[in-house]
Amino acid sequence: MTADDKQDESLLDREARFWDEQEEAIEDLYAKPHDWRFIPEIADFVIKPKVKALLRIISERRAEVNSILDIGCGNGWFCHSCADGGIKAYGVDISPKKVEAAKIAAEERGVGQLCHFMASDIMELELPEKVDMITAHGSLHHLPDLEDKLPILIDRFLKPDGLMLFVEPHHEGMSPGIQKIVYGCASSKLMGNWFDKEHYLRVRGEDGGSVPEAAASESEIEIPVGSESFNLRSESPAGLEFLGEEPDMGAIVQRDYDLIEEKYFHYMSGHLTNAFYTYMKPAWVRALWRLFLPFTIWLDDRLCRKQKYNQYAEEGLWLLKRRS
Ligand SMILES: C[S@@+](CC[C@H](N)C(=O)[O-])C[C@H]1O[C@@H](n2cnc3c(N)ncnc32)[C@H](O)[C@@H]1O
């Protein structure tokens with residue numbers, strides 16, 4: 001084993017522990033959310049255009065796609081959706097706790113027969129067959145040495161004429177325009193009073209330790225694991241390493257493969273929902289934003305079709321095939 005392999009091994013161990021801990025703490029994270037993704041009734045709404053695009057692609061390609069492998073399947077939601085349409089779905093995740101949750105949910109949804117979940121590092125996985133499509137939703141950027149490993153995974157698990165469908169982070173942070181709106185509102189006297197600054201600063205680790213213990217314990221989910229403690233509100237260990245390099249995920253996934261379709265999501269809907277819902281104290285302000293949300297999402301979806309805006313979109317979707 002080389003020194004690099006050793007480093008990867010401990011990074012993968014930490015990665016698995018992070019996601020196990022996150023799954024165990026999921027109810028606490030939902031109870032005091034730090035991001036719109038942890039407010040299920042809001043998240044379901046915000047991700048609608050993305051889920052719609054994913055399911056449209058699957059149904060348009062249904063004749064070619066009878067089996068998928070979902071890398072880093074998490075709680076298995078995408079495998080479950082594919083299985084709803086009669087597709088055999090293999091899901092692999094490095095976190096045994098996520099896999100357990102995925103299996104339980106598959107049984108509850110009545111798709112247990114078509115879903116096969118495995119707890120493993122994707123690089124160690126063995127599958128009984130090659131699949132028609134490899135998918136990943138927010139998980140490729142957790143794989144160390146992705147650029148080298150992706151072609152290996154594709155050769156190992158995808159049929160020669162198979163497809164790849166990936167959704168991954170695209171741009172970190174707000175566009176200058178959205179930043180202006182959010183910071184302008186947050187610094188106005190009125191909105192400033194409504195904004196839960198303490199929670200915001202704590203989540204960003206910028207509170208300087210000044211938050212009283214009792215308040216901190218109710219919202220700061222930090223669980224010590226062995227000698228290391230993870231901030232479960234932050235990126236995972238492997239994700240932090242990867243995103244720290246500010247990679248261009250679109251370029252990485254297209255390096256060896258041909259693009260069939262590309263789409264972008266969340267130029268503003270996520271950031272504005274965090275500003276005007278997640279971190280807003282008065283219930284009536286949140287209710288107002290909730291009313292406004294469908295329009296924001298509709299507009300966001302349209303803006304994300306233009307390069308001027310989608311260069312700042314939080315996520316990108318890429319449908320690819322092998323180079324002919
Ligand atoms: C951001 S989550 C996305 C989960 C899921 N795809 C979803 O959409 O909810 C990333 C997932 O990748 C998994 N993961 C990270 N590294 C992995 C690896 N080397 N092999 C398999 N899964 C991995 C994590 O356990 C985690 O569940």
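Atoms within each ligand, like the ligands themselves, are counted from 1 in listed order.
- Salt-bridge annotation for D196 and K32: present, with a side-chain N of the basic residue lying under 4.0 Å from a carboxylate O of the acidic one.
- What sits closest to atom 3 (C) of ligand 1 on the protein, heavy atoms only, is H137 O, 3.4 Å.
- Ring centroid separation for the pair F117 and H80 comes in under the 6.0 Å cut-off.
- With a 6.0 Å cutoff to the six-membered ring centre and a 45° limit on the axis angle, R290 counts as a cation-pi contact of F45.
- The single protein non-hydrogen atom nearest to atom 24 (C) of ligand 1 is W19 CD1, 3.2 Å, given as residue, atom name and distance.
- Checked against the 6.0 Å centroid criterion, the rings of F242 and H142 do not qualify as a close aromatic pair.
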- Evaluate side-chain hydrogen bond (donor to acceptor under 3.5 Å, both in side chains) for S175 paired with Y267, printing each intermediate quantity in order. CA-CA 8 Å; S175 72; Y267 160 71; 3.2 Å; yes

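- Looking only at heavy atoms of the protein, atom 19 (N) of ligand 1 is closest to D121 OD1, 2.9 Å.
- Using 4.0 Å as the threshold, S236 has no heavy atom nearer than that to any atom of ligand 1.
- You'll find the ring centres of W194 and W284 inside the 6.0 Å limit.
- Of the protein's heavy atoms, I94 CG2, 3.7 Å lies nearest to atom 14 (N) of ligand 1.
- If you number the atoms of ligand 1 from 1 as listed, the ones under 4.0 Å from a heavy atom of H142 come out as 1 (C), 10 (C), 15 (C), 16 (N).
- We find that K50 and D301 are not joined by a salt bridge, their nearest charged nitrogen and carboxylate oxygen being 4.0 Å or further apart.
- At a 4.0 Å heavy-atom cut-off, ligand 1 touches L12 through the side chain alone.
- Remark: minimum distance from atom 20 (N) of ligand 1 to any protein heavy atom is reached at I122 N, 3.0 Å.
- For the ligand labelled ligand 1, residue A238 lies outside the 4.0 Å heavy-atom shell.
- Under 4.0 angstrom from ligand 1, the non-hydrogen atoms of L143 all belong to its side chain.
- Looking only at protein heavy atoms, the nearest one to atom 1 (C) of ligand 1 is G138 O, 3.2 Å.
- Listed by number with element, the atoms of ligand 1 under 4.0 angstrom from any heavy atom of G74 are 4 (C), 5 (C), 27 (O).
- Only the side chain of W77 comes within contact range of ligand 1, with a heavy atom under 4.0 Å; no backbone atom does.
- Ring centroids of H137 and F78 are separated by 6.0 Å or more, keeping the two rings apart.
- The proximity of E15 to ligand 1, defined as any non-hydrogen pair under 4.0 Å, is limited to the side chain.
- Between K321 and E261, no side-chain nitrogen of the basic residue sits less than 4.0 Å from a carboxylate oxygen of the acidic one, so the salt-bridge criterion is not met.
- Looking at A16, S139, G72, it is G72 that brings a heavy atom closest to atom 5 (C) of ligand 1.
- Of the options D93, I47, N75, I71, the smallest heavy-atom separation from atom 27 (O) of ligand 1 is shown by D93.
- With hydrogens and angles left out, the side-chain atoms of E235 and H141 include a donor and acceptor closer than 3.5 Å.
- Under the side chain to side chain contact (heavy atoms under 4.5 Å, CB included) test applied with L29, the options R37, H34, E23 reduce to a single match, H34.
- Using a 4.0 Å cut-off to heavy atoms of S120, the atoms of ligand 1 that qualify are 20 (N), 21 (C).
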